[in-house]
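Below is one structure, written out as structure tokens, with a few remarks after it.
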Amino acid sequence: MALLQIAEPGQSAAPHQHRLAAGIDLGTTNSLVATVRSGLAETLPDEQGRHILPSVVRYCATGVEVGEAARRAAAADPLNTVSSAKRLIGRGTADLKSLGRELPYEFVMIDSAVPRIRTIAGDVTPVEVSAEILRVLAQRAQETLGGELSGVVITVPAYFDDAQRQATRDAARLAGLHVFRLLNEPTAAAVAYGLDHAADGVHAIYDLGGGTFDISVLRLHKGVFEVMATGGDSALGGDDFDAAVAGWLLAEADLGSDADRGTLRHVLDQARAAKERLAQQETVGLEIDRRDAGLWRGTLTRKQLADLVDPLIRKTINTCRRVLRDAGVTIDEIEDIVMVGGSTRALRVREKVSEFFGQAPLVDIDPDRVVAIGAAIQADVLAGNNPDDEMLLLDVNPLSLGIETMGGLTERILPRNTALPAARAQEFTTFKDGQTAMSIHVVQGERELVADCRSLARFTLRDIPPMVAGAARIRVTFSVDADGLLRVEASELGSGVLARVEVKPSYGLTDGEITGMLKASIERAREDIDARRLVEEQVEAQRVIEALSAALACDADELLSAQERAVIDQALQALIATVDASQNAAEVETAVKRLESECEFYVERRMNSGIRKAMAGQRVDEITPRDDGQEAG
Amino acid sequence: MAYSDKVIDHYEHPRNVGVLDKGAANIGTGMVGAPACGDVMRLQIQVNEQGVIEDAKFKTYGCGSAIASSSLLTEWVKGRTLDEAREIKNSEIAEELALPPVKIHCSVLAEDAIKAAIADYQSKQGA
Amino acid sequence: MLDFSRSYFELFGMSAGFLVDIPELARRYRELQKVVHPDRFAAAGQATQRLSLQSATLVNEAYDTLKDPLKRAQYLLRLRGVELDAQHHTLNDPDFLMQQMALREALAEVLQATDARARLDALMQDIGNLIETQVARLAVQLEESGAEQLEAAVQSVQKMQFLNKLHAEAEALEADLEDAC
């Protein structure tokens, strides 16, 4: 129970029921689910014993296929089979062109900012495709564990931007999952590697997946993982290696890029297979069925492969160098490098990474499973199953966040690699005399021109009192929560006029669209939407009741007067009674809110008491400032 | 050209970048800095006998807005009298238009620089 | 709200001053986050989660401020009632600005030079020394309480702001040079 963790050790209340939780690695090419059972984190297999679920969804007239079956059908039914949806999630129609590859789907551009893929079962968004994958994995976990999941941790590339994170959360919502936290993949890998039991120090995680690359540098100190800097490329991965090889194959086999979709798939499959075989052998023979033009035969050597992929690997190494700089550490301070992601199996990648870091990377956990395992460990902690666990992950925002200033230039407000959660504010002013409105355009990225950054949202601050240009004081505040999700607020300080947005990415689905999809999916599952809401509210109520009871048991005597205690007890009993009696979601929700507002003062008191205690122990060695001045430099 | 295109154009291709002879009697030099973001700006004017600014040069190290605004300003002051240049003010009345925000120091840095340059020129004349 | 009227120094249980034991600060930061971080309350009710989010945000802000010499100095000035942004738009020190201009010009010329790397290293060394000088001055100025020392500290902080910006630009250039080779 989370609130218990403020308590003194050994004072914990009655043992609570173990909560079921799972970690999900929602990958570009493959996805996995893992969970902690009897203290051991492991990935879960399907009925055929397969742990890996290919991230491929095939839409048929009769239903949906997910995983291996869909992947096998991809070449035969390319239009209805969606793979690598993660490359599209949180992206706008305009981004599709810059993704730099032949996407074998038929896109539908309608009024929504989100691209839709036309399939035989209707038009689908990447969010819906991802939701199908999540649904299958959650189902697998629930069947294995024999119960409802109280929540999940879903991993995302550290370099995912706000829109991509929002879209991933939307997918979970569609799949009916409660998300404890979105966890950055490299951080998950660090946890899985048992770095929490390893020596304290600085570690680097090099994560090259199918479609994304991340590098994180983190400091481990007594169970606290502090990410110092992170960087990467959310559109660079093993798929690009395949594409480079495929491009070479097309040229060698005299096939234009106008080859039909089936042939392109065939060439891509051949490219991927050749790349994988070259991890074992020096040379591979290749065959391409060119239909009318006959069969093409050729060979590819390790050396040729290296020439094709080296420019891509070099991009990752340059990013590593920049991240080390941001973290303020040198190469020799790095204790070890952990390799994550299927694409780190490529020998050339390992070679280049060793060369740069001057040491051999760690490759002893299956790079495909390590992220899911880390997510499962974190999910178990967040579910409150290990109240005495000291583990804590302190992550950062991967990309700078800012706004557009007059003239189309970016002003950074929350710089990259700021520890989360975080809030920053900056003041601006008006451009013209008498200007009464201001348009706030929220962007993400490191570039000076707004046009080169990612547009996240736009809103307008109105009713600014007319003043001469430059006199108004407009404060713009950015806050980012522990999931990396952003909220922006603007206010005029003189008049107090306020405009606020929960950043809904320009490329995101609207609430209405999500609700519509939710309804459709529930109808498909023949669920009752009211029944589902009631269950959700009851679960939330139960959570609050347990948390409060546990808290009262451990420190009510210390922090509450008899009178205060009586008020809280009464409110608690009222909620318990409502949950028992009511079949109405709104009623339960109101009762929960009432209880929470009744005890707000108590929760605050506990937090303050926790802070006091944490700092009180330190008073003994009351700091004597070192006076060599060095630490200040 | 829309204002924002103009700004980007001046940011990417700043006009009047350079230096004039600091010691000459008909040259005024203004040197200003904005501590808030560490921008440094040098703006120089060359004034003829009629008190009209014939040429203006600047060098700005700083954020894009500061570069663009000093470039725009040097274009604007050329051919103006010292009095006109001192009165520089953006006093168009805004239509009901929601404009993007302006960084506070950027709105004043170039103005401060031109005022400092004029003061420098006048102190030379007076001396 | 939490009792966050206390200063960042009080929050960390440390005495307010420019000299700070950074490893100790880092240790206390981790201890504080262990108490307030949202991950500790993932299974709690919404009100508790909101409070935890606010507290963890504040602890991060405090740590970010105290660990950096410039931000720490700015914060100390704020505690003494100096509002830097509002009162000090421009720096009036022509010699210092000349020097800044010259350093920036030198930095801009690095890329054209054949010995770019060596020139940049020398320049970064110079900038580093200038920053150290200001830090040393601040350490003295912020220990004193007189109005004159306070005004001098404001000047030093402003100069640090220019120097930090310059240093950041030199670092960006260094990164570009490394990527290119």
Side-chain angles (χ1 to χ4, degrees), chain A residues 402-413 415 425-443 446-453 455 458-478 488-493 497 499, chain B residues 1-15 32 34-39 41 60-76 86-115:
Chain A
I403 58 168
E404 171 175 357
T405 57
M406 195 66 205
L409 299 165
T410 314
E411 177 64 13
R412 227 164 277 167
I413 292 182
Q426 195 167 320
E427 282 178 28
F428 295 89
T429 189
T430 45
F431 179 71
K432 286 189 172 184
D433 288 352
Q435 182 182 330
T436 55
M438 182 173 281
S439 93
I440 309 285
H441 179 200
V442 183
V443 297
E446 314 305 320
R447 306 285 292 278
E448 184 110 29
L449 294 184
V450 165
D452 297 330
C453 288
S455 166
R458 289 170 194 273
F459 67 102
T460 305
L461 175 68
R462 294 188 191 283
D463 301 324
I464 301 171
M467 282 176 255
V468 295
R473 288 283 172 276
I474 315 289
R475 179 188 285 269
V476 178
T477 309
F478 277 45
V488 179
E489 197 177 284
S491 61
E492 202 283 306
L493 294 181
V497 178
Chain B
M1 202 187 287
Y3 179 81
S4 73
D5 294 336
K6 211 156 90 182
V7 171
I8 289 176
D9 190 40
H10 275 259
Y11 162 69
E12 289 182 327
H13 313 284
R15 328 286 203 270
V32 290
C37 54
D39 293 355
M41 182 183 293
T60 296
Y61 291 100
C63 65
S65 315
I67 293 170
S69 66
S70 33
S71 174
L72 281 159
L73 185 70
T74 47
E75 286 283 272
W76 186 86
R86 201 184 293 108
E87 287 307 305
I88 177 164
K89 201 87 200 90
N90 183 5
S91 56
E92 299 162 66
I93 298 297
E95 318 86 79
E96 265 310 297
L97 207 64
L99 298 167
V102 180
K103 285 171 76 174
I104 288 175
H105 86 273
C106 284
S107 69
V108 293
L109 195 61
E111 285 173 40
D112 285 355
I114 187 80
K115 282 172 188 153

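Residue numbering restarts at 1 for every chain, and letters A, B, ... go by the order of the sequence lines.
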Can you tell me how far CG of L99(B) sits from OG1 of T405(A), rounded to the nearest 0.5 angstrom?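 Taking OG1 in T405(A) and CG in L99(B), the distance rounds to 12.0 Å.
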What is the distance from atom SG of C37(B) to atom CD of E411(A), rounded to the nearest 0.5 Å?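 The SG atom of C37(B) sits 7.0 Å away from the CD atom of E411(A).
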Quick one: of I440(A), V476(A), L449(A), who has the most non-hydrogen atom pairs under 4.5 Å with chain B?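 Of I440(A), V476(A), L449(A), L449(A) has the most heavy-atom pairs under 4.5 Å with chain B.
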Contacting moiety of I474(A), where chain B heavy atoms sit under 4.5 Å: neither
P100(B) and M438(A) have their tightest heavy-atom pair at C-CG, 4.2 Å
Listed partners of S70(B) passing side-chain hydrogen bond (donor to acceptor under 3.5 Å, both in side chains), at least two apart: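 Checked S70(B) against side-chain hydrogen bond (donor to acceptor under 3.5 Å, both in side chains); matches are T60(B).
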By side-chain hydrogen bond (donor to acceptor under 3.5 Å, both in side chains), E446(A) pairs with (sequence neighbours left out) S400(A), R416(A)
Are P101(B) and I403(A) packed together at the side-chain level, in the sense that at least one heavy-atom pair is separated by less than 4.5 angstrom? yes
